[in-house]
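Working notes, structure below.
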There are 2 protein chains.
Amino acid sequence: MGEKYKRLSYYYLCIIFKLYNHQRLELMKKTRLTLKDVANQLGVSTATISNAFNRPDQLSKKKRIEILEQCKRIGFEGPNKAAQILRKGHSNIIGIVLSDNIDYIISDPVASTFMKGATEVLREHKKHTLLYSGDSENIGDIADFVDGFICYGAPINQALVSELANQLKPVVTVDFDIENIPSINVDNETACFEIAKSTLKESDQVAILGLRLIDSKSTCRIYDSPLLDFEHSISHRRLDGYIAAAKTVGISIEGDRIWTIAKNTSKYASQAANEALTSIPRPDVILCMSDLIALEVLKLAKDKGIKVPEELRITGFDGIDEALRTRPSLTTICQANAEKGKAAAETLLLGLTTSRLVSYEMKIGEST
Amino acid sequence: MGEKYKRLSYYYLCIIFKLYNHQRLELMKKTRLTLKDVANQLGVSTATISNAFNRPDQLSKKKRIEILEQCKRIGFEGPNKAAQILRKGHSNIIGIVLSDNIDYIISDPVASTFMKGATEVLREHKKHTLLYSGDSENIGDIADFVDGFICYGAPINQALVSELANQLKPVVTVDFDIENIPSINVDNETACFEIAKSTLKESDQVAILGLRLIDSKSTCRIYDSPLLDFEHSISHRRLDGYIAAAKTVGISIEGDRIWTIAKNTSKYASQAANEALTSIPRPDVILCMSDLIALEVLKLAKDKGIKVPEELRITGFDGIDEALRTRPSLTTICQANAEKGKAAAETLLLGLTTSRLVSYEMKIGEST
DNA sequence: CTGTTAGCGCTTTCAC
DNA sequence: GTGAAAGCGCTAACAG
């Protein structure tokens, strides 16, 4: 009964809201001056006003300044941008397509740093940034008015990939590839080879905490499950690197020593950290595919009184601020995330067609 | 000579880029189907196609489905969004105006969490999120096509405030106020009173590390400098809370025990942390206006071998994940940042006109 | 250097 | 239930 009432009142609220909103919009329409209004008031043609704002070479300096001043006086801010978008066919808006929800991705420090680099370049070029979820149904919602796409990570809705490939605006991908489209990547395999190589010793018990290695929504060991290939191939490149390095010191890492995590969040990471640390034999080394995971392992080890690095060595991946700030500091691969963002934005804005590999740096911390 | 050559080639690059871009845009125009094309092909009027997509009640179910199918077949994705924006007068885009550069703000965990909440609600309502810098010259760049603004923190370019007040689209502010415009706030003063009250003892030496308390670009003590009032009044409310609480236990905190930091970043925070910890008398308690600052103090204390909380108690503000994850964990005020984001988005989308105070929660950690 | 005018692609009355 | 036509506000080609 109460539930029903709630629903009903919500329903009415929505109607009222819509009516109200409609009125509000009507009001707006009435009050914003148009080029035509101004042209009438100043006694010149609309073209002249338009030129005063957009093409200084089309009229005398004197007249231009005069017009601009008059416009300011009567409160005309310039040509309507919505109309400009339609007419000119571009908007100065760049869509950044994220791999997942905006709300998930924005709290991820790696993604944030990427965004930082990308938006910095976009801002220099006077472009606006529109965030777009990788779990959206389609790209058509914004494809008509953005000037291009930066696609950060394979979107969890795979359909978006082919939509991006089939539409006409320029696209740059990051951390994954679409045929014939420029991309920005890091050499994950080599990086992971290096960090594992520098950490592992012959007699080590090793565990790997990976990201989306198999198609599972929960944290678990991968055993011999089929690997999830398309979406998160960077995880597999990393895995390849770890395993290859282990092989060089005579260790072989089996599927029961490899965990997969569905999302790069503390919650999932702490589950995996707990499983790994309470498994027998207890690992001497835990190779983590993200700093966030490594930090959870570190925290848990502290809580359990396991000494790092004496009894347990931990490596991360990403190089987020917290990994450097925490004590003991983390051994990790510092991806130039901001650089990736910059590279992506530059590639898009300059219309480059070549892909780029961005450098990384291994930081040896106190955790190994 | 080399420099000149560089410049020149950059210049040419730009021209080539522009030509290329222009061509690219031309190409696009040609290839996207329009309502008219489709109407011709299907032998109906443009209105009917439009109705099939937007107003199901205007034509028979059968015809509608038929048209939609045909459209899919010939690859027509639906009416052009840019034209819709102009015609309908709204775009489903909400501008989020940040207090500073996008690139600065996005790496701030507090802001990220806010964004998480806000974008979640926007997504539910099928709205898109456009990020906008608080250091932009004006709002007019996007005011014509966004449906409204969420303004997170007082923009560092104050001019934006009056522009927002004077334009016609709905606005909601967060963490600051504009007359007659609904806002979302936290009771900073009470929160800081509580945390200080529960931490301070009669004989304590106290230091405060604040944010933008005075108009200074560097980290320094405030002494008796005039307080920066408009922009960052939340900082002053927090200060008021601390000082009031101190008074109740008989402590008076002077300007030479209060530091100000220009931006909430590790870099600035670590400067202040260092100054405070090396000052004489060394503080027993450091009250920090953000968790980021508190974490830097914590790190430095560890490096210096100062025991927390025995020799030094530290409080933060915000409740970011890292503050809970770090060891010892931080005593702090958990702002419901995601809630703030949600509240802001809801207030905007429902056209509410009342301001809202969002709750907070004090978390006693191991640092006090 | 300035003004006239034809659309950009769409939605929405208004006749039929 | 359907189609013709006006016009959202602007820009750019063109004529003067």
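Worth saying up front: this structure is predicted, and the values here are computed from it rather than measured. Just so it is clear: chains get the letters A, B, ... in the order the sequence lines come, proteins before strands, and each one is counted from 1.
Residue B/Ser60 places its side chain closer to D/dT2 than to any other of D/dC10, C/dT2, D/dT2. With C/dT11, D/dG9, C/dG3 as the choices, the nucleotide that has an atom nearest any side-chain atom of A/Thr48 turns out to be C/dG3.
In this structure, B/Leu59 places its CG atom 8 Å from C1' of D/dG1, rounding to the nearest Å. One interatomic measurement links the two molecules: CG of B/Asp57 to C1' of C/dT12, which rounds to 13 Å at whole-angstrom precision. In this entry the distance linking CZ of B/Arg87 with C1' of C/dT11 reads 4 Å, nearest Å. A straight line from NE2 of B/His90 to C1' of C/dC10 spans 13 Å, rounded to a whole angstrom. Rounded to whole angstrom, the span from the CD1 atom of B/Ile85 across to the C1' atom of D/dC8 amounts to 13 Å. To the nearest angstrom, P of C/dG7 lies 20 Å from NZ of A/Lys88. Straight-line distance from the CD1 atom of A/Ile49 to the P atom of D/dG9: 16 Å, rounded to whole Å. What separates CG of B/Asn51 from P of D/dT2 is a distance of 9 Å, to the nearest Å.
Phosphate contact (OP1/OP2 of D/dT11, side-chain N/O of A/Gln84, threshold under 4.0 Å): present. In this structure, B/Thr34 does not reach the C/dG9 phosphate: none of its side-chain N or O atoms is under 4.0 Å from OP1 or OP2. Between B/Gln58 and D/dT2 there is no side-chain polar atom (N or O) within less than 4.0 angstrom of OP1 or OP2.
Relative orientation of the B/Tyr152 and B/Phe114 rings is parallel, given thresholds of 30° and 60° on the angle between their planes.
Looking only at atom types and distance, the side chain of B/Asp37 has a donor-acceptor partner in the side chain of B/Thr34 under 3.5 Å away. A side-chain donor-acceptor contact under 3.5 Å links A/Arg73 and A/Gln70. A donor-acceptor contact closer than 3.5 angstrom is absent between the side chains of B/Ser133 and B/Asn101.
Using a 4.0 Å heavy-atom cutoff across all strands shown, A/Leu35 reaches at least one base atom of the nucleic acid. Residue contacts for A/Asn54: at a heavy-atom cut-off of 4.0 Å it reaches the sugar-phosphate backbone alone, with no base atom in range.
In B/Lys342, the NZ atom is not crowded: 12 or fewer heavy atoms of neighbouring residues, nucleotides or ligands sit closer than 6.0 Å.
Between B/Gly43 and B/Leu86, it is B/Gly43 whose nearest contact on DNA chain D lies nearer the 5' terminus.
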